[in-house]
Structure formats: structure tokens, C-alpha cells
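Encoded as C-alpha cells, the structure appears first; notes follow it.
We count ligands from 1, going down the list as the structure has it; atoms in each ligand are counted the same way. All values derive from a computational prediction rather than experimental measurement.
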Amino acid sequence: MKRGILNRYRDFLPVTANTPLITLGEGDTPLIRSLSLEKELGCGELYFKFEGCNPTGSFKDRGMVVAVAKAVENNSRSIICASTGNTSASAAAYGARFGLKTIVVIPQGKIAMGKLAQAVVYNAQIISIKGNFDQALQIVRSLTEKYPVTLVNSINPNRIEGQKTAAFEIIDELGNAPDYLFIPVGNAGNITAYWKGFVEYAQAGKASHSPKMIGFQAAGAAPIVQEKIIERPQTIATAIRIGNPASWQRAVAARDESEGIIDCVTDDEIISAYKLAATREGIFCEPASAASLAGLIKMAAKEDFSDKRIVCIFTGTGLKDPDIPAKFAKPPAELPADLATVEKALSGVIS
Ligand SMILES: *Cc1c(COP(=O)(O)O)cnc(C)c1O
């Protein structure tokens, strides 16, 4: 199989004879069948699509490779984005590889350490503002109106085009669409993209139906649920800490056209799901990603999914945010390098 989504899905993407089919190996992420939560939650079939396996560790790479390919095709020299972290990591990686200057505007103090490290090492020009993501996006939009620099946030339609390929992969692997898709919602580009992907693939005869789109925001950053802009969004899940989503209307359309739901989960529910994904399924995702599973747990308590096929999207890797575990787990005690002491510490654990 050819690597990269531009190669694999070019017939469904805005690829012309002049589009460079660039890739860092994005897409083709694992669709992992649940071994324990499926039974426990009473799902017919439960799968996790682990987008943390993309080159920079999040699904943003799918959209970024298309946005950067089009920027290169159009002779752009620089790209710019506002970011809660993963978009900047992705933009910086593809920008570095394909010779574009990358500018990222981030909310100060609200970026996971791993994501900032990526932007630094990929050598992006980083601007940290005393403000939130929504303000960063506002600034970036104004700059792109004034200067010849390509905007690579998800309001760039090429981002949505690339991200819809995750829906294609799910159908290609399962042979049909699932009944439900659970997904975190921040700026709402991803739920928009999946829905576009499912609809287009069904129209192309690759699936008999489309799934209900079930999106989850964090309770402290739930503008779509509350139907109002949240001025000061708060959540431990920094990737969905967004109070005024750029794709708000399109997310609502995806919800309504699919007869789905957009609801919210608390930070406690998110962290509990984050731990369950790791301890029960061996998947280390970032807190924002776990909002999808937290949402499934919440809904499965009330609804019967026993004859349903469900896919839960884990949007990014937990390695991005190494500070999170320290919030609930103590570091291991340090012992002398002595067999008897170690044996004693393990009494009851090994026998
Ligand atoms: C960007 C991001 C989200 C939110 O996606 P939107 O398209 O903004 O709704 C969720 N999880 C992770 C890990 C992200 O990087």
C-alpha cells in the first residue's frame, strides 16, 4: 500500500496534477478492537481508532499534509496557525520538511509540554499570547488578511479534506460504517471532517449508511452544548479548551443530519476514561482524546448498545502531556539497590 493519505485517497482529495504528493506517513492508524470495555459497557462491537499513531502524535497531521501540499502548490512561503498545541506541532513538522516558514500563536501556559517541545525543535516561530485559543485564532485570522501567509487552522478547507480520510479508513477496515462514532469536540473541525468523510464514502457506494455522530465537549468548555460562547473556557483537556469553535455550525449540522448528539463530560469523567483506556486497553491517549470514551461510558449507562458497532476516536497520544499523571499518581518510592528490600516491597505482588 502507498504511504500517506494524499497517495491513498487522492481521488477524494483536492489533488491536481500540480499537487505534490508529500507525506510523513500520516494516516493508516490502528483501529483497535476493545478487549474488555466492550463487554463491560455492553457494546456489540467497540473499536478505538488511535490517531496518536500519526507522525506528530495527533490526527492534525491528516489535515496538515493536505494544507501544506496546497500551500506548496500555490507557491506559499510561510504558514501560520493558532493552536492549543497539536496543530502547531503538526504545522511545524510539515513546514520544516517541505521548506515553509511556520508561525504558531499559542495561549500562554495552556500548552502541553510535549507539544511545545515539538514546535521548538521543529523550529517554528512561536508567539505565546496572554490570552486563550479563541483570541489567538482571531489574531491569526487578521494577520492572514494583511500578509501573504497561508492559514492552516481548520477553517482552511484543505484541513477538513485531509481529516475526513479517517472516516474512509474506518469504512475500508470494517467493510461498512459503524452505527455510532464517538469523538471529542474542540474547535469542531474534526467532527465536521468525519461527517463529510462518511457522507462522501456512502455516496461513493463504500458504505450502506452513515453513523450517528456523538460529540463530546469538556463541561468547562462546552459552547455548543450550552448554545453560547464561553469567554473563559476551562478544562484539563487543553486540546478542547475552546469557547467559540470555528466550525460550530458545521458541527451542529453533522449532529443533526446524522441524528446524533453533542454533549459534555466533566474533567473527572475525562480523567477516569483516560486511565481506563490505559489500564484496560493498553492505550495511552491524551486527556482530550479520552472525552470520547468518557462520553460512551456516560451514554452506555442509560442506553442499550448491545447490537451496535461503535468506534471511539482517540485523537492524540498521551505522551504529549506527561504532566497529567502526576496530578493523580505518586511517583514510585526510591529504594536502595538491594535485593532484600526490593523483594520486601514486592511481597504480595509476586509469589
Ligand atoms: C485538535 C484536537 C482535538 C479537537 O479537535 P477539533 O477539530 O478542534 O474539534 C481533540 N483532541 C486532540 C488531541 C486534538 O489535538
Problem set entry | Residue pair S88 / I126, side-chain heavy-atom distance below 4.5 Å |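 Answer no - side chains too far apart.
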Problem set entry | Any N/O pair G316/ligand 1 closer than 3.5 Å |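 No, since none of the N or O atoms of G316 sits under 3.5 Å from an N or O of ligand 1.
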For this session: Kindly confirm or rule out an N or O of N190 lying under 3.5 angstrom from an N or O of ligand 1.
Result: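 So ligand 1 has an N or O lying under 3.5 Å from an N or O of N190.
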Among side-chain atoms of [X] and [Y], is any donor-acceptor pair under 3.5 angstrom?
X: T19; Y: T16; answer: yes
X: E26; Y: Y94; answer: yes
X: S76; Y: N74; answer: no

I'd like to know if [X] pairs up with [Y] as an ion pair, taking the criterion as any Lys NZ or Arg NE/NH1/NH2 lying under 4.0 Å from an Asp or Glu carboxylate oxygen.
X: E40; Y: R280; result: yes
X: K196; Y: E161; result: yes
X: K115; Y: E286; result: yes

Could you tell me whether [X] approaches ligand 1 through its side chain, its backbone, both or neither, with non-hydrogen atoms closer than 4.0 Å?
X: Q163; answer: neither
X: N187; answer: both
X: T84; answer: neither

For [X], the ligand 1 atoms whose distance to one of its heavy atoms is below 4.0 Å:
X: G189; answer: 6 (P), 7 (O), 9 (O)
X: A188; answer: 6 (P), 7 (O), 8 (O), 9 (O)
X: A288; answer: 11 (N)

Seminar exercise, completed: Min over K60, E51, K320 of heavy-atom distance to atom 15 (O) of ligand 1 lands on K60
